[in-house]
Colleague: 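Dumping the structure here so I can ask a few things about it.
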Amino acid sequence: MDISSGFTDTSSPTSRPRVRFAPSPTGFLHVGSARTFIFNWLYARSHGGTMILRLDDTDVERNTEASVSSIFDGLKWLGLGWDEEYKQSERLALHRQTAERIFQRGLAYRDFTPAHTGDSEKSGAQGTWLFNPGMRELSPAESDRRAAAGEPFALRFRVPRDGLQVRFVDAVYGEQAKLAADIEDFALLRSDGMPTYHLASCADDADLGISHIIRGQDHLTNTFKHVLIFEAAGAKPPQFAHLPLLVAPDGTKLSKRRHGPVVSVTTYRDAGFLPEAFINFLCLLGWSPKNDREQMSLQELTAAFSLEGINRANAVVNFKEPATTPEGTFDPKAVWLNAEHIRALTVEDLSARLLPVVCAAGFNVEPARMLRVTPLIRERIKLLRDAVTAADFFFVDQLPPYDSAELIPQKGDAAMALKVLQRAREVLAGVEFKHDPLDGSLRAAAQELAIKPGQMFQPIRVAVCGRKNAPPLFETLEVLGRETTLARIEDAIRKLQ
RNA sequence: GGCGCUAUCGUCUAGGGGUUAGGACGGAAGAUUCUCAAUCUUCAAACCCGGGUUCGAUUCCCGGUAGCGCUACCA
């Protein structure tokens, strides 16, 4: 008889799914984990379900507090939140009870073999890797005797060795089947009594009433073991949905060691990504709304999300391998999406997000001023950080030094630049500092000097901005004001003389 | 090695027995413009290979190849 699950969806249409994100605190939150969190969250929200955060911290050796706070930092930035929170290390009693129940049913056995020291004899004689010979067949009496004598043991699942097929249906990968004979007698309890990931995870999933397990595809083959555990523990396995993995351009799975900080969520935060843009980007990796939509708000994503839209092939996060320049390393699509989301923000909202970034860069900026500058740079920045270089001249008293040759307009010379600036000084002393009057008077001045408007504007632009590429001139002058403008033109004239 | 999964432009993807194989990012060219952006237009760019099935396969099946995953008293 086959052990199977998931062939029928017994959940009624009205039942609320319960999903969980279960990171193990052994490192920072990386982008693949973030995407798993997001997909779970989206599924829960789009079905009126419950999102659960569970720290899978059964590996005492490798867990760190720093990792816990790093994961919370990342999740907090995403801003999605969750409904319930658990820590596996606080649920050990449940895990042991579950192990005991499985053992009592004869579906697990004690393995007194000393813990493996390494990868040793895995590829040895065929079949021997499946279990430790001798232990599986130990008589109950002998097993009890050695246990009573205090001999340490690991508890192993007694995987059926007949022709049994373990089956489940994956919402993404379809029907899955595997011969139990190809599954090793995996451990449930370590010799120190601590549960393994497989046991703790299944025991908790059952106990917490998890209805859908949405996780990385690296767990696809583990799921056969999990189905075995659920059944042995007398629990109905939940629905499964495995997500294609996020990989680096070289095809290998993302790792900080190999690929650097681009795999950490906080790197995106610190570079000035909008969380909603980052979420949008991650959603497009391995999932598609199938309608050519790309830029989507969280509401739109929630409405569009479905397990059917998830595809099966690994997705490359297309960052540049040598993580040299911070901005140049990100996937160009992520950067583009961020720019799209920036433009979708109201000026007030964008301004409020820009302010702390600019202040953190060392500029002393009033909120009111930021609000006036924001419309001038919003189409010129892709990451929030870009505001620092795009708008610096609005925030300083003294312009940083620039080459006076920059003041010379196209097809002109220093004499023309000087003439332009001197005329501009006169004009700007009298005109009202509003877009239209500035436009009109400066164009008129160009005509008087018999030069093109561009030749008139460029020296002024460089004089007030300190560089050639900048926001539109009249709006810029408006924000800068007469005093600053005239002072900077004065400086420019001095540079030319 | 064993077992499992996957394969459409450089990247993310849509599609699906008969299509000019669609979109997006990035790239190139052009338009617009006071510079830069933004915007608009255009262009280049893909069905891994081999067998079947079929009137017809990129699509369905099988095999190969490649990549990835699991194969721990890690998760």
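The sequence lines fix the lettering, A, B, ..., with proteins before strands; numbering per chain opens at 1.
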Colleague: In this structure, how many angstroms lie between the P atom of B:A37 and the CZ atom of A:F457, rounded?
Modeller: 19 Å

Colleague: Quick one: look up who B:C68 pairs with, Watson-Crick or G-U, both distances under 3.5 Å, and put none if it's unpaired.
Modeller: B:G4

Colleague: In Watson-Crick or G-U wobble terms, both distances under 3.5 Å, what is the partner of B:U54?
Modeller: none

Colleague: Checking all strands, does A:F281 fall into the base, sugar-phosphate, or nothing category for heavy-atom contacts under 4.0 angstrom?
Modeller: nothing

Colleague: Looking across every strand, which nucleic acid part, if any, lies under 4.0 Å from A:R293 by heavy atom: base, sugar-phosphate, or nothing?
Modeller: nothing

Colleague: Within the 3.5 Å criterion, strictly below it, is a donor on A:S143 or A:R110 matched to an acceptor on the partner's side chain?
Modeller: yes

Colleague: Using a 4.0 Å heavy-atom cut-off, does A:P471 contact any base of the nucleic acid, only the sugar-phosphate backbone, or nothing at all?
Modeller: base

Colleague: Provide, to the nearest angstrom, the distance between the CG atom belonging to A:L220 and the P atom belonging to B:C68.
Modeller: 17 Å

Colleague: Listing time: all N or O pairs from protein to nucleotides 7-14 of chain B that are below 3.5 Å?
Modeller:
from  : atom 1 : to     : atom 2 : distance (Å)
B:U11 : O4'    : A:N318 : ND2    : 3.4
B:C12 : OP1    : A:V316 : N      : 2.9
B:C12 : O2'    : A:L284 : O      : 2.6
B:C12 : O2     : A:K333 : NZ     : 3.3
B:U13 : OP1    : A:G286 : N      : 2.3
B:A14 : OP1    : A:K290 : NZ     : 3.2

Colleague: Given atom CG of A:L473 and atom P of B:C34, what is their separation to the nearest angstrom?
Modeller: 12 Å

Colleague: With A:D218, which residues qualify under salt bridge (charged side-chain N to carboxylate O under 4.0 Å, His left out), at least two apart?
Modeller: none

Colleague: With a 4.0 Å cut-off on heavy atoms, is A:T58 in touch with a base, just the backbone sugar-phosphate, or nothing at all?
Modeller: sugar-phosphate

Colleague: Can you figure out which of B:A75, B:C25, B:A72 approaches the side chain of A:Y197 most closely?
Modeller: B:A75

Colleague: Regarding A:H219, tell me which of base, sugar-phosphate or nothing describes its non-hydrogen contacts under 4.0 Å with the strands shown.
Modeller: base

Colleague: Is the shortest side-chain N to carboxylate O distance from A:K225 to A:E184 below 4.0 Å?
Modeller: yes

Colleague: Pairing check on B:U59: which nucleotide meets the Watson-Crick or G-U wobble criteria with it, both distances under 3.5 Å?
Modeller: none

Colleague: Do the side chains of A:L438 and A:L428 get nearer than 4.5 Å, heavy atoms only?
Modeller: yes

Colleague: Any side-chain N or O of A:K382 below 4.0 angstrom from OP1/OP2 of B:A38?
Modeller: yes

Colleague: Please work out if A:T221 contacts a base, only the sugar-phosphate, or nothing of the nucleic acid, heavy-atom cut-off 4.0 Å.
Modeller: base

Colleague: Of all residues at least two apart in sequence or in a different chain, which pass the side chain to side chain contact (heavy atoms under 4.5 Å, CB included) check with A:P453?
Modeller: A:R443, A:F457

Colleague: For a 4.5 angstrom cut-off between non-hydrogen side-chain atoms, does A:I38 reach A:F305?
Modeller: no

Colleague: Select base, sugar-phosphate, or nothing to describe what A:Q88 touches, counting heavy atoms under 4.0 Å on all strands.
Modeller: nothing

Colleague: Is any side-chain nitrogen or oxygen of A:Q176 closer than 4.0 Å to OP1 or OP2 of B:C5?
Modeller: yes

Colleague: Indicate, with a heavy-atom threshold strictly under 4.0 Å, whether A:P453 touches base, sugar-phosphate, or nothing.
Modeller: nothing

Colleague: Applying a 3.5 Å limit to both distances, which nucleotide forms a Watson-Crick or G-U wobble pair with B:G10?
Modeller: B:C25

Colleague: Without decimals, in angstroms, what is the distance between A:K87 NZ and B:A75 C1'?
Modeller: 17 Å

Colleague: Sequence neighbours excluded, which residues qualify as salt bridge (charged side-chain N to carboxylate O under 4.0 Å, His left out) partners of A:R293?
Modeller: A:E300

Colleague: What contact category does A:T196 fall into here, base, sugar-phosphate, or nothing, at under 4.0 angstrom with non-hydrogen atoms?
Modeller: sugar-phosphate

Colleague: Check this for me: does any side-chain nitrogen of one of A:E294 and A:K333 sit under 4.0 Å from a carboxylate oxygen of the other?
Modeller: yes

Colleague: Suppose we define a pair by two distances each less than 3.5 Å, Watson-Crick or G-U wobble; what does B:U35 pair with here?
Modeller: none

Colleague: When you compare B:C48 with B:C43, how far apart are their P atoms, in angstrom units rounded to a whole number?
Modeller: 25 Å

Colleague: B:C34, B:G69, B:U35: which one has an atom nearest the side-chain heavy atoms of A:R380?
Modeller: B:U35

Colleague: Over how many whole Å does the gap from A:I377 atom CD1 to B:A37 atom P extend?
Modeller: 16 Å

Colleague: Would you indicate what A:K452 reaches in the nucleic acid, counting non-hydrogen atoms under 4.0 angstrom: base, sugar-phosphate, or nothing?
Modeller: nothing

Colleague: Return the nearest nucleotide to the side chain of A:K225; candidates are B:U71, B:C3, B:G26.
Modeller: B:U71

Colleague: Rounded to whole Å, please give me the gap between CG in A:L442 and C1' in B:U35.
Modeller: 14 Å

Colleague: Considering only the P atoms, how many Å lie between B:G1 and B:C62, rounded to the nearest integer?
Modeller: 22 Å

Colleague: Tabulate protein N/O versus nucleotide N/O from nucleotides 61-65 of chain B, keeping only pairs under 3.5 Å, one per line.
Modeller:
none

Colleague: Please measure how far the P atom in B:G23 lies from the corresponding atom in B:A46, and state the result in whole Å.
Modeller: 14 Å

Colleague: Of the listed nucleotides (B:G69, B:A38, B:C5), which one gets closest to any side-chain atom of A:R343?
Modeller: B:A38

Colleague: Side-chain N or O of A:R443 versus OP1/OP2 of B:C34: is the shortest distance under 4.0 Å?
Modeller: yes

Colleague: Tell me whether the OP1 or OP2 atom of B:A37 has a side-chain N or O from A:R378 closer than 4.0 Å.
Modeller: no

Colleague: Tell me which nucleotide among B:G26, B:C3, B:U35 gets nearest to the side chain of A:K178.
Modeller: B:C3

Colleague: B:C34 P sits how many Å from A:D439 CG, rounded?
Modeller: 9 Å

Colleague: Rounded to whole Å, how long is the line connecting atom CZ of A:R215 with atom P of B:C70?
Modeller: 12 Å

Colleague: Tell me which nucleotide, if any, is Watson-Crick or G-U wobble paired with B:G30 when both distances must be under 3.5 Å.
Modeller: B:C40

Colleague: Taking the side chain as every heavy atom from C-beta outward, state whether A:F39 and A:L307 have any pair of such atoms under 4.5 Å apart.
Modeller: no

Colleague: Side chain of A:D182, heavy atoms from C-beta onward: which of B:C73, B:U6, B:G2 has the nearest atom to it?
Modeller: B:G2

Colleague: Just checking, any donor-acceptor pair under 3.5 angstrom between side chains of A:H242 and A:T223?
Modeller: yes

Colleague: Show me the side-chain donor-acceptor pairs of residues 402-414 of chain A shorter than 3.5 Å, one per line, residues at least two apart or across chains.
Modeller:
from   : atom 1 : to     : atom 2 : distance (Å)
A:D403 : OD1    : A:A405 : N      : 3.0
A:D413 : OD1    : A:A415 : N      : 3.2
A:D413 : OD1    : A:M416 : N      : 2.8

Colleague: Whether A:D204 and A:R20 form a salt bridge (side-chain N of Lys/Arg under 4.0 Å from carboxylate O of Asp/Glu) is what I want to check.
Modeller: no

Colleague: Give me the ring orientation class for A:F330 and A:F273: parallel if the planes are under 30° apart, tilted from 30 to 60°, perpendicular past 60°.
Modeller: perpendicular

